[in-house]
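Remarks on the structure that follows.
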Amino acid sequence: MQTHGIDPGTGFLDRSSCLELVSKLAFSAAASGQQLAALWIDLSRLKQVNESFGHLGGDLVITQIAQRLREKSAGRGEWCRMGGDEFVCLMPQCDADRARQLAQELLQAIEAPLRFGELFLHPSASIGIAVLEANEDPFAFLERADRAMGTAKRQGGGRAVASGEEPMPGRLGILLAREELAIENKLHLALENGGLSLHYQPIIGFDGSVEAVEALMRCTADNELIPPGKFIPVAEKTGLIIRLGEWSLLAGARFASHLDQAGYRTKVAINVSRAQLASPKFAQALHAALLCANVSPELIELELTESLFMDISEIVQTNLHAAQKAGVGLAIDDFGTGYSCLANLKDIPATKLKLDRAFGRELGMTVVAEGVEEQAQLDSLREAGVDAIQGYIHAHPMPEEALLNWFQKRKAS
Ligand code: C2E
Ligand code: MG
Ligand code: MG
């Protein structure tokens, strides 16, 4: 029979009783001026036991370890089971040194081999230690123990870490975090105040045609230009990339329509990030952009980074096919820098491959070499059978007006 408040597998208090108890103990510790410590214990590899021996096997391990914990702590604390393989020991009248001492003893007890039929298991654990601070919220106190346990785990497990002893993010880490915050702020500013723009860089075929122009986002805030290498990673981290991406889809599609009306019918290639393509709103955003810009879809090409194809989720698959059905082109960007292999490419409805600066190879798609700066590179790429070139050797990315002038000059000569 299940007793309320008690975990049947271990006889420990269950999670909700633990939360009740910690509040009570924290209150009396504060009233009496005594210390209260908590150990948060996480067993390693229990998932493996469950997978190899089933949940009955896992339960058996838990029961035996719980027995060891109870014996070793011998009345020094109250035991609670917080869930699957996580335990908490609440210890009244216990300071940091004694908590650390008990943690070491518990680790030793846990690590003794455990017989399992013919096999011996070698259990291990990670332990986080916290001591209640003056006026501290009891749940925040427990959370600190949990976080310290996480640190112990990341350090490889089999150890105890006290809250407050976790390695601080280094000075460099703090500076980076601040810079990211500043960039995030500037991205918001730019989104609201028209600080975003697209520059366009021509991609030119060896037959002399303009294969496409690539739309590259530029961001200005507080009169400062932030390079994409800086703001794109921050946008991806914060999720802002979805809004930026929708903005560039629409702006790029509008410009494609504008170019077409000006008599320069050229594809505009727009970069799409992984997060956008994994969003259920992607297909809708694409259709909206095509419709608003009143542009024919074959004038739009989406550049998808190679890393996307490492692990194609169902939603990405659906979005890729929606894009294909909408009639836009798909190009694989930065090929050669990531993980995809040529074999994977057969499964992707792409029509173009954009090689990263370092690579060259032919396939059944249009092959574009990126970042070509010198004549010697151009010559060997021509030799290798690459179809088109994007790079400073032909043109740098430029604002809309400049690109229109570039087209005009080209036509004239
Ligand atoms: P990408 O899509 O691979 O774009 C090509 C990058 O190579 C551009 O950098 C371009 O200016 C640069 N490049 C072109 N020719 C040369 C060359 O001859 N030499 C050298 N050294 N570089 C060359 P940019 O404009 O700084 O953009 C960097 C990356 O930021 C892009 O790489 C793309 O991944 C990302 N990005 C830019 N705009 C967007 C956007 O609207 N959405 C998303 N998701 N990503 C974007
Ligand atoms: Mg690109
Ligand atoms: Mg690229």
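All ligand and atom numbering here is 1-based and tracks the order in the structure. Computed from a predicted structure; not experimentally measured. Numbers here are sequence positions counted from 1.
A heavy-atom separation below 4.0 Å is found between Glu214 and ligand 1.
The contact set between ligand 1 and Pro397, taken as ligand atoms under 4.0 Å from a residue heavy atom, comprises 11 (O). The distance from ligand 1 to the heavy atoms of Gln201 drops below 4.0 Å at these ligand atoms: 10 (C), 14 (C), 15 (N). Heavy-atom proximity to Glu373, at under 4.0 Å, picks out these atoms of ligand 1: 17 (C), 18 (O), 19 (N), 20 (C), 21 (N). Taking a cut-off of under 4.0 Å to the non-hydrogen atoms of Gly391, the atoms of ligand 1 that pass are 15 (N), 18 (O).
In the candidate list Pro228, Gly229, Ala369, Pro228 is nearest to atom 24 (P) of ligand 1, counting heavy atoms. Nearest-residue assignment for atom 37 (C) of ligand 1 (options Met217, His199, Gln377; heavy-atom criterion): Met217.
Using a cut-off of 4.0 Å between Lys/Arg side-chain N and Asp/Glu carboxylate O, Glu184 and Lys237 are scored as not salt-bridged. By the 4.0 Å N-to-carboxylate-O rule, Glu78 lies too far from Lys24 to be salt-bridged with it. In summary, Glu298 and Arg265 engage in a salt bridge, as defined by a charged side-chain N under 4.0 Å from a carboxylate O. Between Glu136 and Arg144 there is a salt bridge, with a side-chain nitrogen of the basic residue lying less than 4.0 Å from a carboxylate oxygen of the acidic one.
For Asp333, the N/O/S atom at the shortest distance from the Mg ion (ligand 3) is named OD1. Asp334 has its closest N, O or S atom to the Mg ion (ligand 3) at the position named OD1. The atom of Glu370 that is an N, O or S and sits closest to the Mg ion (ligand 3) is OE2.
With a heavy-atom cut-off of 4.0 Å, Arg218 touches ligand 1 through its side chain alone. Contacts with ligand 1 closer than 4.0 Å are made by side-chain heavy atoms of Asp334 only, the backbone lying farther away. By the criterion of a heavy-atom distance under 4.0 Å, the backbone of Val372, and not its side chain, is placed next to ligand 1. With a heavy-atom cut-off of 4.0 Å, Glu370 touches ligand 1 through its side chain alone. Residue Ile232 touches ligand 1 through its side chain alone, judged by heavy-atom distances below 4.0 Å. Contacts with ligand 1 closer than 4.0 Å are made by side-chain heavy atoms of Ser248 only, the backbone lying farther away.
The Mg ion (ligand 2) has an N, O or S atom of Asn271 inside 2.8 Å of it.
For the residue pair Glu105 and Gln101, a side-chain donor N or O sits within less than 3.5 Å of a side-chain acceptor on the partner.
Here the angle at the Mg ion (ligand 2) defined by OE2 in Glu214 and OE1 in Glu303 stands at 90°, rounded to 10 degrees.
Remark: Phe206 CZ is packed, more than 12 non-hydrogen atoms of other residues, nucleotides or ligands lying under 6.0 Å away.
Without hydrogens or angle criteria, Asn271 side chain to Ala215 main chain gives a donor-acceptor distance under 3.5 Å. Gln377 places a side-chain N or O within 3.5 Å of a backbone atom of Glu374 that can act as its donor or acceptor partner.
Shown here for Pro228 and Met217, the closest heavy-atom pair between the two residues is CG-O, 3.5 Å. In plain terms, the two heavy atoms of Val295 and Ser257 that are nearest each other are CG2-N, 3.8 Å.
Note: no N/O pair closer than 3.5 Å links Glu236 and ligand 1 by distance alone. At a 3.5 angstrom cut-off on N or O pairs, Tyr392 counts as close to ligand 1.
Note: Leu330 CG to Ile300 CD1 = 12.0 Å, rounded to the nearest 0.5 Å.
Using a 4.5 Å cut-off on side-chain heavy atoms (C-beta onward), Gln276 and Asn319 make no contact.
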